[in-house]
Amino acid sequence: MSFFLFFAFFLKIVHGKHKDAEIYFDSNSANNNHSIKTLNEILESINQKVSTPTNIVFDNAYGDTAFMHSTEKHFSYDKMRSKTLRIIVPGIEPPYVNYVNFSDAAVVEKGYGPGVVMEILKEIGRRLNLTYEVIDNPETTWGELMNGSWTGAFGRLIRGDADLLAGGAIMEYDRSLVSDLTYPFQFEPTGIMIRSPEKYEDDTLLIVTEPFSWQVWVITAISIGVSGVIFLVMTNVLSQVYREMSVTLFESTWVFFSIFVQQGLPEQPRSWSCRVLIALWWLASITLSATFTGSLVALFAVDKTNLPFQNIEQLVKAVKQGRFEIVMDENSFTRTEMIARSKLPVYKDLWHEMNVNHRVKYVNGIAKGVAFVRTNPGYALLGPMETLNFYAYSDCKVILLSDGILPVYLSIPLAKDSLYTAYFSTKIREMVERGFTQKWISDYKSYVATQKINECNSTTTGPKSYLDLKRAQGAFWVLIGGIGIGSLIFIIEFIVLFARRNMKAEIKTAQVAITQQEQVAVPSQNLSGNVSENQKPETLLRRRNVLNLTLNISES
């Protein structure tokens with residue numbers, strides 16, 4: 001009777017797992033009555049375990065190869081066949097344990113396999129005609145070594161309550177001393193999951209600036225300026241020995257800007273050196289134009305997402321700044337212990353923030369951790385990469401970073417000196433080498449991809465087949481800016497040219513007046529014989545020189 005109740009309970013868990021939108025989780029669950037431990041108790045237990053060095057004592061039967069004992073072939077088929085093995089399932093953890101049911105009918109009913117570990121147990125069970133008895137497990141933790149005794153599922157395995165633990169256990173030296181760890185069936189890093197940030201919405205200048213990074217724009221501007229100076233020097237030098245075109249600094253720079261924006265040149269250079277420079281610039285501009293077009297198409301086809309960090313170093317920096325906190329599963333302290341024991345500076349800083357500043361929350365299970373970060377921005381969940389990958393694969397509100405941390409090997413724990421250890425390891429190695437474990441993972445991923453189990457399938461829109469005004473507004477803003485700047489320059493240029501023309505007219509009028517005065521002054525001098533100060537030749541000559549200088553300045 002207990003078996004069926006236990007089986008129904010797990011089916012309920014699995015059914016709930018596929019409805020992430022219906023999961024609601026209290027952010028303070030790490031401190032409520034339903035939590036296994038409070039945050040202070042968790043941190044104290046980790047600190048106590050880390051501060052106590054591991055007492056490495058090798059069993060004589062194992063020699064110095066405690067980890068590899070499980071790979072030795074010394075099994076007897078007759079003794080292993082037709083037995084009943086008691087198993088404890090620490091928890092549902094896709095893709096390793098999807099549900100607890102060994103029948104083929106369950107696969108047909110659900111449409112997907114029971115998980116990698118369950119598939120391994122099913123295959124070995126077929127070969128040895130084994131049956132499995134699922135032991136009720138009120139505790140959902142893997143367990144840890146505290147004060148010389150083991151807690152959780154490992155504690156029950158050591159006390160003889162079960163023959164094996166059905167799950168992907170992280171291979172650790174402490175665990176290998178009290179249990180037989182099989183050949184690892186999976187190498188898995190720790191993943192970092194966060195709530196999906198808001199999509200990029202600032203489309204003001206998207207169509208103009210976004211295809212290139214700011215570094216490309218800066219280098220392009222510098223290249224135009226430097227090329228303009230080089231072209232100016234080349235044309236000025238060659239014009240002295242050859243009929244090369246003459247340009248100013250502004251005109252020289254404008255030549256390369258025109259090439260960059262795919263405009264023609266009003267006048268072509270005549271020398272080979274200048275022609276080669278122009279030709280290579282045309283080739284570069286064609287390449288940049290093609291790249292610009294391709295990047296623009298990609299921007300419109302794929303929504304842009306700005307992640308708050310890209311790796312563990314940036315995450316730790318965000319945690320130190322108080323912008324993020326860590327979320328971890330309280331049922332497994334192994335990854336927390338790995339952070340606490342690490343000698344790398346980045347993990348030391350992370351552990352300081354977790355241990356001293358309490359920038360960490362513990363939740364009861366990976367599923368609740370995913371539900372928590374799904375509804376709460378500013379939190380990063382650390383957990384098994386493959387497990388988090390399935391949640392991210394089917395839920396658009398969470399995203400998994402591509403870079404993993406703290407890689408580990410996953411194994412199936414059996415009772416110490418188990419008769420089945422060597423056989424399990426041999427068969428698991430064969431399954432890994434033949435690709436069965438990856439196939440089971442891929443099959444489950446394919447199933448998840450085909451299920452419409454959340455609102456992502458109803459709210460996520462595909463790429464736009466047209467360019468709407470919102471995303472094309474950047475081009476129109478540039479057009480409006482060009483019209484405005486052109487109009488402003490037109491007004492300034494008109495005022496300057498109008499003032500220059502009036503100045504020339506005034507100067508010409510003054511020149512005519514002075515000439516008339518000179519003509520009048522000469523006869524009067526002959527008649528009277530008296531010459532005024534204004535009519536003296538030196539005064540008239542000085543006035544004429546000033547007039548000529550003014551004319552030269554105005555014409556330039």
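Just so you know, residue 1 is the first one in the sequence shown, and it goes up from there. Just so you know, these numbers use all the heavy atoms, side chains as well, and skip hydrogens, waters and symmetry mates.
Leu145 contributes atom CG, which lies 8.5 Å from atom OG1 of Thr151 (distance to the nearest 0.5 angstrom). Taking CZ from Arg156 and CD1 from Ile135, the interatomic distance works out to 7.0 Å, rounded to the nearest 0.5 Å. In this structure, CG on Leu400 lies 6.0 Å from CG on Asn389, to the nearest 0.5 angstrom. Rounding to the nearest 0.5 Å gives a distance of 8.5 Å between CG of Leu388 and CG of Leu382. A distance of 11.0 Å separates CG in Leu350 from NE2 in His352, rounded to the nearest 0.5 Å. Taking CD1 from Ile88 and CG from Leu165, the interatomic distance works out to 6.0 Å, rounded to the nearest 0.5 Å.
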Requested in this report: Start with the C-alpha distance between Glu353 and Arg359, add both sets of side-chain angles, then the distance that settles salt bridge (Lys or Arg N to Asp or Glu O under 4.0 Å), and finish with yes or no.
Outcome: CA-CA 6 Å; Glu353 296 298 325; Arg359 288 175 177 167; 2.9 Å; yes

Evaluate side-chain contact (heavy atoms from CB on, under 4.5 Å) for Val178 paired with Asp174, printing each intermediate quantity in order. CA-CA 7 Å; Val178 296; Asp174 288 345; over 6 Å; no

**OP:** Give the C-alpha distance, both sets of side-chain angles, the deciding distance and a yes or no for side-chain contact (heavy atoms from CB on, under 4.5 Å) between Lys348 and Trp351.
**Re:** CA-CA 5 Å; Lys348 286 185 177 180; Trp351 177 241; 5.9 Å; no

**Study point:** Lys122 vs Asp104, salt bridge (Lys or Arg N to Asp or Glu O under 4.0 Å): CA-CA, chis, key distance, verdict
**Key:** CA-CA 10 Å; Lys122 286 176 63 175; Asp104 294 334; 3.3 Å; yes

Notebook entry, point to check: Under the side-chain contact (heavy atoms from CB on, under 4.5 Å) criterion, do Val432 and Gln186 qualify, and how do the steps go?
Noted result: CA-CA 8 Å; Val432 172; Gln186 181 75 1; over 6 Å; no

What do the steps show when you test Arg175 against Trp150 for side-chain contact (heavy atoms from CB on, under 4.5 Å), and what is the final call? CA-CA 10 Å; Arg175 293 177 174 179; Trp150 282 86; 3.8 Å; yes

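With contacts defined as side-chain heavy-atom distances shorter than 4.5 Å, the pair Lys79/Leu419 qualifies. For the pair Leu414 and Phe424, the minimum side-chain heavy-atom distance is below 4.5 Å. Contact check for Lys110 versus Asn101: no side-chain heavy atoms found under the 4.5 Å cut-off. Proximity of Glu93 to Pro384: side-chain heavy atoms (C-beta onward) are separated by under 4.5 Å at one or more points. Here the side chains of Tyr423 and Thr421 are not in contact, with every heavy-atom distance at 4.5 Å or above. Counting heavy atoms from C-beta on, the side chains of Leu157 and Pro413 come closer than 4.5 Å. Between Ile87 and Asp163 the shortest side-chain heavy-atom distance does not fall below 4.5 Å. At a threshold of 4.5 Å between non-hydrogen side-chain atoms, the residues Arg127 and Glu123 count as touching.
Looking only at distances, no side-chain donor or acceptor of Asp403 sits under 3.5 Å from a matching main-chain atom of Asn311. Side chain of Glu188 to backbone of Glu386: a donor-acceptor contact under 3.5 angstrom is found. Although no hydrogens or angles enter the test, the distance criterion places a donor-acceptor pair under 3.5 Å between the side chain of Thr375 and the main chain of Ala371. With hydrogens and angles disregarded, no donor-acceptor distance shorter than 3.5 Å links the side chain of Lys416 to the backbone of Ile158. In this structure, the side chain of Asn98 engages the main chain of Gly113 through a donor-acceptor pair within 3.5 Å. Although no hydrogens or angles enter the test, the distance criterion places no donor-acceptor pair under 3.5 Å between the side chain of Ser342 and the main chain of Tyr347. Although no hydrogens or angles enter the test, the distance criterion places no donor-acceptor pair under 3.5 Å between the side chain of Arg195 and the main chain of Asn376.
A donor atom on one side chain and an acceptor atom on the other are not found under 3.5 Å apart for Tyr96 and Glu119. Counted by atom type alone, Tyr112 and Ser446 present zero donor-acceptor pairs between their side chains at under 3.5 Å. There is a side-chain donor-acceptor pair under 3.5 Å between Ser82 and Asn129.
Cation-pi geometry between Lys361 and Phe372 is not satisfied (NZ or CZ under 6.0 Å from the ring centre, within 45° of the ring normal).
Phe309 is linked by a side-chain contact (heavy atoms from CB on, under 4.5 Å) to Ile192, Ile194, Gln314, Leu315, Phe324, Ala380, Leu401, counting only residues two or more places apart in sequence or in another chain.
Heavy atoms of other residues, nucleotides or ligands lying less than 6.0 angstrom from CZ of Phe102 number more than 12. Annotation for Lys427: atom NZ counts as buried by contact number, over 12 foreign heavy atoms lying within 6.0 Å. Atom CZ of Phe436 has 12 or fewer neighbouring heavy atoms from other residues, nucleotides or ligands inside a 6.0 Å radius.
Contact detail for Phe185 and Ile428: the closest heavy-atom pair is CB-CG2, 3.8 Å. Scanning both residues, Val107 and Pro114, for their nearest heavy atoms gives CG2-CD, 4.1 Å. For the residue pair Ile92 and Val97, the shortest heavy atom distance occurs at CG2-O, 3.3 Å. Nearest heavy-atom pair across Met171 and Pro184 is SD-CB, 3.8 Å. Taking every heavy atom of both residues into account, Leu181 and Ser411 meet most closely at C-OG, 3.4 Å. Taking both residues in full, the closest heavy atoms of Leu381 and Ile366 are given as CD2-O, 4.3 Å, listed atom of the first, atom of the second, then distance.
Tested against Tyr420, the residues Thr182, Leu164, Leu128, Asp180 include a single side chain to side chain contact (heavy atoms under 4.5 Å, CB included) partner, Leu128.
Salt-bridge annotation for Glu313 and Lys317: absent, with no side-chain N of the basic residue lying under 4.0 Å from a carboxylate O of the acidic one. Ion pairing between Arg86 and Asp161 fails under the 4.0 Å rule for side-chain N and carboxylate O.
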